[in-house]
Amino acid sequence: IMNDHTVHWITNHRQRFQADKMLLDIQSESNFGNGTTFWGRSAALRSGTLMRAETHTQAIKTEASTVLTALHRKICKHIDKEEKHFDPKQIHKIRIGFKKLRYLLEEFEELLGKKRVERYIQEGKRLQTLLGDYNDAVTQIALLKSYASQHKEMKIPNKKLIKERKKRAKKLLKKVQKGLHKFKKKPFVV
């Protein structure tokens, strides 16, 4: 039997595993396309026979910044595509992008400086929550419509409930659009 603590522990470890997996993906040559690895790209790491800690750290910071900036750009491109017409499935993809960005920021937080990345982490969490709330509202509407079509005897209460959910989804969508537009316009410097 799992209690809340066990579920929380499993969730945290699953998220850490996913972040570690992303780091491994980043290290793979397919992400850079030139056959070099994440750690081996920097000339600073290859120079000299002895590797100094500050050189190694600086090279990792540079690579982390490069990867994070590329992921930020990718999210912004998805936002650009959706800005005119927000499709719930595409909004979910944007949410996943924020999740990846946040996990990587958390992974490199100590290296890049906690103060420097904390605001991005908090903004990502806020937008993830907002995008999740919108996704939930859209899903609820679909479920309610399905239920209403199967239970026609409850037509009036179902119609009212669906109308309320649509109103909530519309409000959430405006918040999502505003939040994503604002995120896209802010410079991303790590």
Side-chain angles (χ1 to χ4, degrees), residues 2-28 31 38 60-61 63-144 164-190:
M2 290 197 291
N3 58 26
D4 288 342
H5 177 71
T6 306
V7 170
H8 181 70
W9 184 87
I10 289 170
T11 303
N12 283 342
H13 278 64
R14 191 174 290 149
Q15 288 173 348
R16 273 292 160 209
F17 172 77
Q18 289 170 340
D20 290 343
K21 185 179 177 309
M22 271 189 271
L23 286 173
L24 290 173
D25 290 344
I26 288 166
Q27 292 173 13
S28 74
N31 283 324
F38 181 74
I60 295 170
K61 280 183 182 180
E63 292 299 325
S65 293
T66 301
V67 170
L68 289 164
T69 301
L71 185 54
H72 177 266
R73 280 192 199 118
K74 187 175 179 181
I75 292 169
C76 289
K77 282 182 184 179
H78 281 294
I79 294 170
D80 278 341
K81 287 179 187 175
E82 292 301 311
E83 214 149 21
K84 301 277 189 274
H85 170 72
F86 279 85
D87 175 42
K89 288 180 183 177
Q90 294 303 317
I91 287 178
H92 184 67
K93 285 183 182 179
I94 293 170
R95 183 174 176 235
I96 299 301
F98 275 112
K99 189 182 242 185
K100 289 178 182 179
L101 181 65
R102 193 185 99 213
Y103 287 162
L104 285 172
L105 284 168
E106 287 172 350
E107 196 68 37
F108 291 118
E109 187 173 26
E110 294 298 318
L111 186 66
L112 296 173
K114 191 173 179 104
K115 282 186 178 181
R116 214 169 159 187
V117 297
E118 186 63 31
R119 65 185 166 129
Y120 295 120
I121 291 171
Q122 293 308 316
E123 179 72 6
K125 283 181 182 178
R126 187 184 71 73
L127 285 168
Q128 261 185 274
T129 300
L130 188 58
L131 291 165
D133 290 347
Y134 175 72
N135 186 53
D136 291 348
V138 169
T139 302
Q140 287 173 359
I141 292 167
L143 290 172
L144 285 170
E164 288 172 7
R165 292 293 168 208
K166 282 184 177 180
K167 198 175 187 180
R168 182 174 185 271
K170 194 173 182 179
K171 278 184 183 180
L172 283 169
L173 180 59
K174 284 183 181 183
K175 284 184 179 181
V176 164
Q177 288 171 320
K178 186 177 178 182
L180 292 178
H181 185 73
K182 196 173 175 182
F183 171 84
K184 186 183 78 166
K185 294 296 179 188
K186 283 183 188 174
F188 183 77
V189 183
V190 288

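Quick caveat: nothing in here was measured; it's all calculated off a predicted structure. Note that the numbering runs from 1 along the sequence shown for the chain.
Evaluation of the salt bridge (charged side-chain N to carboxylate O under 4.0 Å, His left out) rule for R126 yields E123 as partners, not counting sequence neighbours. Every residue meeting the ring-ring contact (aromatic ring centres under 6.0 Å, His included) condition with Y120, not counting sequence neighbours, appears here in chain and number order: F188. Partners of H78 according to the ring-ring contact (aromatic ring centres under 6.0 Å, His included) rule, which considers only residues two or more places apart in sequence or in another chain, do not exist here. Every residue two or more places apart in sequence or in another chain was checked for a salt bridge (charged side-chain N to carboxylate O under 4.0 Å, His left out) with E118, and none qualifies. With sequence neighbours left out, L172 forms a side-chain contact (heavy atoms from CB on, under 4.5 Å) with L130, D133, Y134, A137, R168. V117 meets the side-chain contact (heavy atoms from CB on, under 4.5 Å) test with L105, E109, L112, I121, V190; sequence neighbours excluded. Taking the salt bridge (charged side-chain N to carboxylate O under 4.0 Å, His left out) definition, one finds that D136 meets it with nothing, sequence neighbours left out.
Here the straight-line distance linking atom CG of L144 with atom NZ of K166 works out to 10.5 Å at 0.5 Å rounding. The line from NE2 of H72 to CD1 of I75 is 7.0 Å long, rounded to the nearest 0.5 Å.
A pairwise comparison of heavy atoms in G124 and F98 identifies CA-CD2, 4.3 Å as the closest pair.
The number of heavy atoms from other shown groups lying within 6.0 Å of NZ (K184) is above 12.
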For residues 173-182, which side-chain N or O atoms pair as donor and acceptor with protein atoms under 3.5 Å away, sequence neighbours left out?
from : atom 1 : to  : atom 2 : distance (Å)
H181 : ND1    : E83 : OE2    : 2.5

Could you list the donor-acceptor pairs under 3.5 angstrom formed between side-chain atoms of residues 89-96 and any protein atom two or more places apart in sequence or on another chain?
from : atom 1 : to   : atom 2 : distance (Å)
R95  : NE     : Q128 : O      : 3.3

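Counting heavy atoms from C-beta outward, F183 and C76 have side chains that approach closer than 4.5 Å.
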